[in-house]
A.B. asks: 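Just dropping this structure here.
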Amino acid sequence: MPKKRTAGSSSDGTEDSDFSTDLEHAAETAGRRSSTRLTRSSLRLSQSSQDVKQGADRDETPPRTPTGNAPSCESDIDASSPSVDHDERLAKELSLKEAAAHDLSHRPKRRRFHESYNFNMKCPTPGCNSLGHLTGRHERHFSVSGCPLYHNLSADECKGKTSVRDKQAEERSQQQDESRHSTRSQAPTERQQRYKEKVTELRRKRNSGLNKEQKEKHTEHHQSHETRREPLLENITSDYDLELFRKAQARASEDLEKLRLAGQESEGSNMIGTIVFGRFELDTWYHSPYPEEYARLGRLYMCEFCLKYMKSQTILRRHMAKCVWKHPPGDEIYRKGNISVFEVDGKKNKIYCQNLCLLAKLFLDHKTLYYDVEPFLFYVMTEADGTGCHLVGYFSKEKNSFLNYNVSCILTMPQYMRQGYGKMLIDFSYLLSKVEEKVGSPERPLSDLGLISYRSYWKDVLLKYLNRFQGKEISIKEISQETAVNPVDIVSTLQSLQMLKYWKGKHLVLKRQDLIDDWKDKETKRGNGKTIDPSALKWTPPKGT
């Protein structure tokens, strides 16, 4: 049995609440009667404790006092002493209780751990009791991502949705098992055709917009909860697309729950939640390997021109008063209106490029390049106003790529997303490939947003080419040479558009006029949007590329 220490006053004036009421009752009734006996028994026990300690097998080292020294012999009590009478045992129980209270009260690290643990085990959503989970598979949740209340649902609704999804998944697996050994065909099966028609019908039924009553409901919900709850999503899109989004939410929440249970992820721990970047305050999406003393702050302050990161608003204000940067380092190789692109060499401007990579990792899941930036060129797009050139996005490119990758990593800053800048960055990367007289392709794997952007770009490029094409035979090689798009990307895009068929031993490209007409209508509505003007490029390929 490990040693115990005699009673001592607690540092915060409280006692530990884990002892039974029986011990407390015994202590109260026998306290006065055995006070003198306690002193005599403690002395007798301390004299015999040396003999007992020599015969007992102990695995633990002697306990330490708060000062770090070993306790004196008067505080060593061994409960296994055979020569203690009834009153001495009672006194010993009292001293054990008080000694344990003294011992626990002088362990600040353990107490702080439990307090922080209880704090983290509570959902931060106001009014939530942490019961239920968005996936419907767990009894409790501890973060906003798994909170049913935040997503305007109840725990029972989440369980019901999960059971329905499980049944659908089981049916799909059975259908896949049935068709696994069937002959593979290019044309969709009858079941797939019926499912496609069903989805098309569901999407056609969705309302074109919110009526007055629905708008008032959405506005009232936003005013009541602001950012403490998810916005109402009903009637914004079709029920089919909304269910797809809900499934993706539940799947992401389940992945986060697995990481939390495995100890690899903890909500708000060692993760930057927001960054102050210029006049914007941005919520981050992923973890970035900033130095630990910065990552634990939860919020970083950054100079939007030199990308240095700081700990407080005061430091940022002092830095901005001295910072002379108003645009990225490197050469300005493109300017059209207020849009500019700068070519930054990772070897010449190492610190800037490293800070740019750390910033990008906050919004990219598959980003792995942080510090080894010398073999890369960075093409930084900016938007200029009276205060300077503000970072819009960038893409990096290997100086010598054996697989002819024209993009290694690409990012549009969140405040400029869905405004056409991502397409401009992609178009600019292919413009550089045309000048180099090469065929380019982005490096894999692409992020989710990057894959969507590239597929949309390849679709526009192909439909634009087919709209101008007047010949009878289309060559994928000619398309690749004119657009600088890799033939593999062209074929995959044609297949997704159902414009590539295999007939009598040959691959045929079908010119679907309906898709071309839809593209022309969208281009007309779009008007003169954000595009890259090849004549505004002032650039020659670097040597060795």
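Source: prediction; values computed, not measured.
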A.B. asks: Are E304 and K326 ion-paired here, with the side-chain N under 4.0 Å from a carboxylate O?
C.D. replies: no
A.B. asks: Before accepting this row, confirm whether a basic side-chain N of the pair K397/E436 lies closer than 4.0 Å to the acidic partner's carboxylate O.
C.D. replies: yes
A.B. asks: Quick one: closest heavy-atom pair of F395 and L425, and the distance?
C.D. replies: CE2-O, 3.8 Å
A.B. asks: Could K347 and D345 be called an ion pair, given the rule that one side-chain N must be under 4.0 Å from one carboxylate O?
C.D. replies: no
A.B. asks: Set out, in order, the CA-CA distance, both residues' side-chain angles and the distance that settles side-chain contact (heavy atoms from CB on, under 4.5 Å) for M499 and L466, then state yes or no.
C.D. replies: CA-CA 11 Å; M499 299 176 67; L466 294 175; 3.1 Å; yes
A.B. asks: Might you confirm whether atom CZ of R318 has over 12 heavy atoms from other residues, nucleotides or ligands at distances under 6.0 Å?
C.D. replies: no
A.B. asks: For atom NZ of K348, decide whether the heavy atoms of other residues, nucleotides or ligands shown that lie under 6.0 angstrom number more than 12.
C.D. replies: no
A.B. asks: Answer yes or no: does atom CZ of R455 have more than 12 heavy-atom neighbours from other residues, nucleotides or ligands under 6.0 Å?
C.D. replies: no
A.B. asks: Check this for me: does any side-chain nitrogen of one of R335 and E332 sit under 4.0 Å from a carboxylate oxygen of the other?
C.D. replies: yes
A.B. asks: Would you please indicate yes or no on a ring centroid separation below 6.0 angstrom for H390 and F305?
C.D. replies: yes
A.B. asks: Which class fits the ring pair Y465 and F469: parallel under 30°, tilted 30 to 60°, perpendicular over 60°?
C.D. replies: parallel
A.B. asks: Using the six-membered ring wherever Trp is involved, compare the ring planes of Y430 and Y457 and label them parallel, tilted or perpendicular (cut-offs 30° and 60°).
C.D. replies: parallel
A.B. asks: Using the benzene-type ring in the case of Trp, are the ring centres of H225 and H221 under 6.0 Å apart?
C.D. replies: yes
A.B. asks: Determine whether D533 and Y334 make a side-chain contact, defined as any pair of heavy atoms from C-beta on separated by less than 4.5 Å.
C.D. replies: yes
A.B. asks: With a cut-off of 6.0 Å (strictly less than), are more than 12 heavy atoms of other residues, nucleotides or ligands near NZ of K308?
C.D. replies: no
A.B. asks: Anything under 30° is parallel, anything over 60° is perpendicular, the rest tilted; go ahead and classify Y309 against Y290.
C.D. replies: perpendicular
A.B. asks: Grab the two heavy atoms, one from F277 and one from L359, that are nearest each other, plus how far apart they are.
C.D. replies: CE1-CD2, 3.9 Å
A.B. asks: Check E281 with R299, please: is the shortest side-chain N to carboxylate O separation under 4.0 Å?
C.D. replies: yes
A.B. asks: I would like to know whether Q249 and E230 meet side chain to side chain donor-acceptor pair (under 3.5 Å); could you show each step before the answer?
C.D. replies: CA-CA 12 Å; Q249 276 186 323; E230 182 184 64; 2.6 Å; yes
A.B. asks: Just checking R418: does its CZ atom have more than 12 heavy atoms from other residues, nucleotides or ligands closer to it than 6.0 angstrom?
C.D. replies: no
A.B. asks: Under the salt bridge (charged side-chain N to carboxylate O under 4.0 Å, His left out) test against D166, which residue among R137, K161, K247 passes?
C.D. replies: R137
A.B. asks: Considering only NZ, NE, NH1 and NH2 on the basic side and carboxylate oxygens on the acidic side, decide whether K423 and D460 come within less than 4.0 Å.
C.D. replies: yes
A.B. asks: As an exercise, state the distance from CE of M302 to CD1 of I275, rounded to the nearest 0.5 Å.
C.D. replies: 4.5 Å
A.B. asks: Taking the side chain as everything from C-beta on, heavy atoms only, tell me whether Y371 gets closer than 4.5 Å to C357.
C.D. replies: no
A.B. asks: Among N406, D489, N404, find the residue that satisfies the side-chain hydrogen bond (donor to acceptor under 3.5 Å, both in side chains) test when tested with S441.
C.D. replies: D489
A.B. asks: For E437, does the CD atom have more than 12 heavy-atom neighbours from other residues, nucleotides or ligands under 6.0 Å away?
C.D. replies: no
